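Predicted, not measured: the structure shown is a model, and the values here were computed from it. Below, read A as the first sequence line, B as the second, and so on, with proteins coming before strands; counting in each chain starts at 1.
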Amino acid sequence: MKKLIYILPLILLGCNSDLDDIDTYINIDMDIFEFESTVVGDGDELIINFDNSGRYTLSIIDEFTNVTYTNEKLNVNQGSVNLNIYTKSLPKGSYKFIIKDNQDNIIKQTKIKL
Amino acid sequence: MKKILTLVVFLCTILSTYSQTINISLEYGGLLNETNQGETTPITDLEIGDEFYLDVIISNSDNSTYKVTYADIWFTFKNNAFEYLGVDNPNSNSNWYTNQWPSAYIFLNSPTSNIDDLYGQYNTHPGWDFVGDANSEHAPMVISSQTTTELNGVVARLKFRYKQVPNGFDFSQSVMLRKASVRDNTTGYTFTNVKAFPNQTFDNAPPSTTVTAQFKVLFPETLDPTLFDGGLYTTDTSTNDDTWFQPPLATYQKLSSTGTLDITSGFNRTDDFAVIVNWHGIKMDSQGNEYSIDFSEQYSDIVTISDVALAFAELNNGGINQDEFGNEFNYGIQFMNADVNGDELFNSDDTYQLLLQVIEGTSYLEEPYMVHASKFYPKSEYDNITIETVYDFSNGTTLLNELDNKDNTALQFEYQSAITWRGDINLSHSTQPDLTDPTAAAIANKFEPSYAKSMNKDEREISTSLVTELIDGKVIVTITLEPDNKKVIGTQYKVKFDSSRLRFDDINFITNNASTNFSNLNGNTINLGSLIQIKNQFLDEKTKYVLTFTPTTQLENTLGLVTLLTTDAVNVIGEQLKMKME
């Protein structure tokens, strides 16, 4: 299973302000919500850790206009879950990636860039 | 003692001759034919076509010992700027020989002498380099004279005529002293200190070549000006050929983020000009990569269900005798835009075409290009279009903005152009008219159909959402509407799906029975929605659109496979509503 996860080098952020805008990617098995911002490509596999089993809503929201382009509802089991993200139908841009529980509470949030 | 005195006199003589300086300067000397005898037209009034003197002035710092009786002076002049008409002799007892060469040479400056050291340049410059006409803008020219009396003061009057040049032409160094040999032939003495001073060059630019011109399209906030490009064009009026082409030096570029275009280069106050504005369609993503947007995609955002609903409202609200108009439209330009078939009449033929455009996706545009959809008007003209004056104005689509540029007293030209669109009935993507007629303006301001231009935005917002699920091997997409008692009579959604992984199967409309529902598939985009034309019937909170797709590859989840690109909605009085996508 090939995973291409692009991340901001958060460790460097605190050390050197010149590196604030640098995007890079790593090939490791980490929860995407561990990163503040991630560059994703079409079909990339994301790893998400769920504390509880249940029904969740995953939303992709334009970071600047707050327009929700899509929501996916799915049932997941507790633990690490592998999901794919498909970007061909999304305009290029920067998005908030949010997970809500079945009470509509936001339980995870990060940023993704296409 | 006598020897010492002789030595002192000798040294003084040497020093005095050593410091003897000849200055040669260029000075504007007035028109060849002054209108008012005895007066000199100011240099700032010189214009294209004027014939004028450029005087050559020789001054000798000490003419008690040596006098200038011979001069061989070389110049260059810009062949594109001037026509050289010869030289006049202000002194009766001397003649000037003159010659010019084609502008195919470049003067090679001496590596050991300053540029203003005309003696040094004369004796040590490497020569003239032949580079051909295309690579040289300067023509070499020489005047020579030998006389028995002194050459002093204005010794020669060069005659030039300004040629027509493009706006912005560079007149610097348009005439320049290059080198000179100056002698006192009565004693055989050659002056070695010959300077170009105070004026080595003549740089005057006629005001008409320095005008500035800026063009601005008054884009509404719903359009991104950087998606358009344009440039200055001219036409040949001597022929009947209505072909527009770019004049020399004119540029073609993307419009600025405020919709402006600098058209100074190539502009003048004599030729016929227009600015052509067209669809550019190139954007840059967050990674800095360019991608393109077809004009038809933009146009599908301009003409939507809210335009159709407003057109139907106007058509149906003609009063008891069906002979009233303007009960729903409040601007003349709305009638013009609603006349989509261009027969100078807004009627059911037009609403039918509009309905097909939105519902069937069958466009009335002859071809999917901006030239068939856009209209431009000078701002002042646009603001004079009222419902009563509609037929006084051209209603054809165009990219052309003809310019009024013949005011030869103006140096700064600023053009403002309104943009509007065939079919943009609620003016959502058009310049907002600012009617000059106060009565018409007062009526127009009572109703604002476009959401973007409305003042009561909060009252005109409703919610909608799109949810995807993987159910029994199918991707099910549910679009829900929360009309919030806003008396919604029309909705439109543009849904995009990943056609490399999904195949569209069908759509189930869950709406009340009064609505006309529509959907059409165009590549990987589905246009869908509803329109109610029955009085007191509205789309309620039970409204749902359920789309079914079949995966063509193995899928475990659906994130991002189907997205909501744009939405539109309209209420019963024809107000465009904003659908918040949640």
In this structure, are over 12 heavy atoms from other groups packed under 6.0 Å from B:Lys453 atom NZ?
-> yes
Please round to the nearest 0.5 Å and tell me the distance separating atom NZ of A:Lys92 and atom NZ of B:Lys283.
-> 13.5 Å
Residue A:Asn49 excluded, over 12 heavy atoms near CG under 6.0 Å | yes
Counting heavy-atom pairs under 4.5 angstrom with chain B, the leader among A:Asp42, A:Thr57, A:Asn66 is A:Asp42
Crowding at NZ, A:Lys96 (>12 non-hydrogen neighbours, <6.0 Å) | yes
Contact class of B:Val562 relative to chain A, heavy atoms under 4.5 angstrom | backbone
Atom group of A:Asp62 that falls short of 4.5 Å from chain B, counting heavy atoms | neither
Please check if atom NZ in A:Lys111 has more than 12 non-hydrogen atoms from other residues, nucleotides or ligands closer than 6.0 Å.
-> no
How would you list, by chain and number, every residue that makes a ring-ring contact (aromatic ring centres under 6.0 Å, His included) with A:Phe97, sequence neighbours excluded?
-> A:Phe33
Count the heavy-atom pairs under 4.5 Å between each of A:Thr68, A:Leu83, A:Val67 and chain B, then report the option with the highest count.
-> A:Thr68
Considering residues, nucleotides and ligands other than B:Asn485, do more than 12 of their heavy atoms fall under 6.0 Å from its CG?
-> no
Out of curiosity, B:Lys496 NZ to A:Leu90 CG, how far, rounded to the nearest 0.5 Å?
-> 8.5 Å
For B:Tyr369, look at atom OH and say whether over 12 heavy atoms of other residues, nucleotides or ligands are found less than 6.0 Å away.
-> no
What are the residues of residues 291-303 of chain B, in order of number, with any heavy atom under 4.5 angstrom from a heavy atom of chain A?
-> B:Tyr291
Where do B:Asp498 and A:Ser89 come nearest, in terms of heavy atoms and distance?
-> N-OG, 3.0 Å
Ordered numerically, the heavy-atom neighbours of chain A under 4.5 Å found in residues 541-560 of chain B are B:Leu555, B:Asn557, B:Thr558, B:Leu559, B:Gly560
Give the member of A:Ile61, A:Thr87, A:Asn71, A:Leu58 that has the highest number of heavy-atom pairs under 4.5 Å with chain B.
-> A:Asn71
Hey, which residues of residues 468-478 of chain B are touching chain A, say heavy atoms under 4.5 Å apart?
-> B:Thr468, B:Glu469
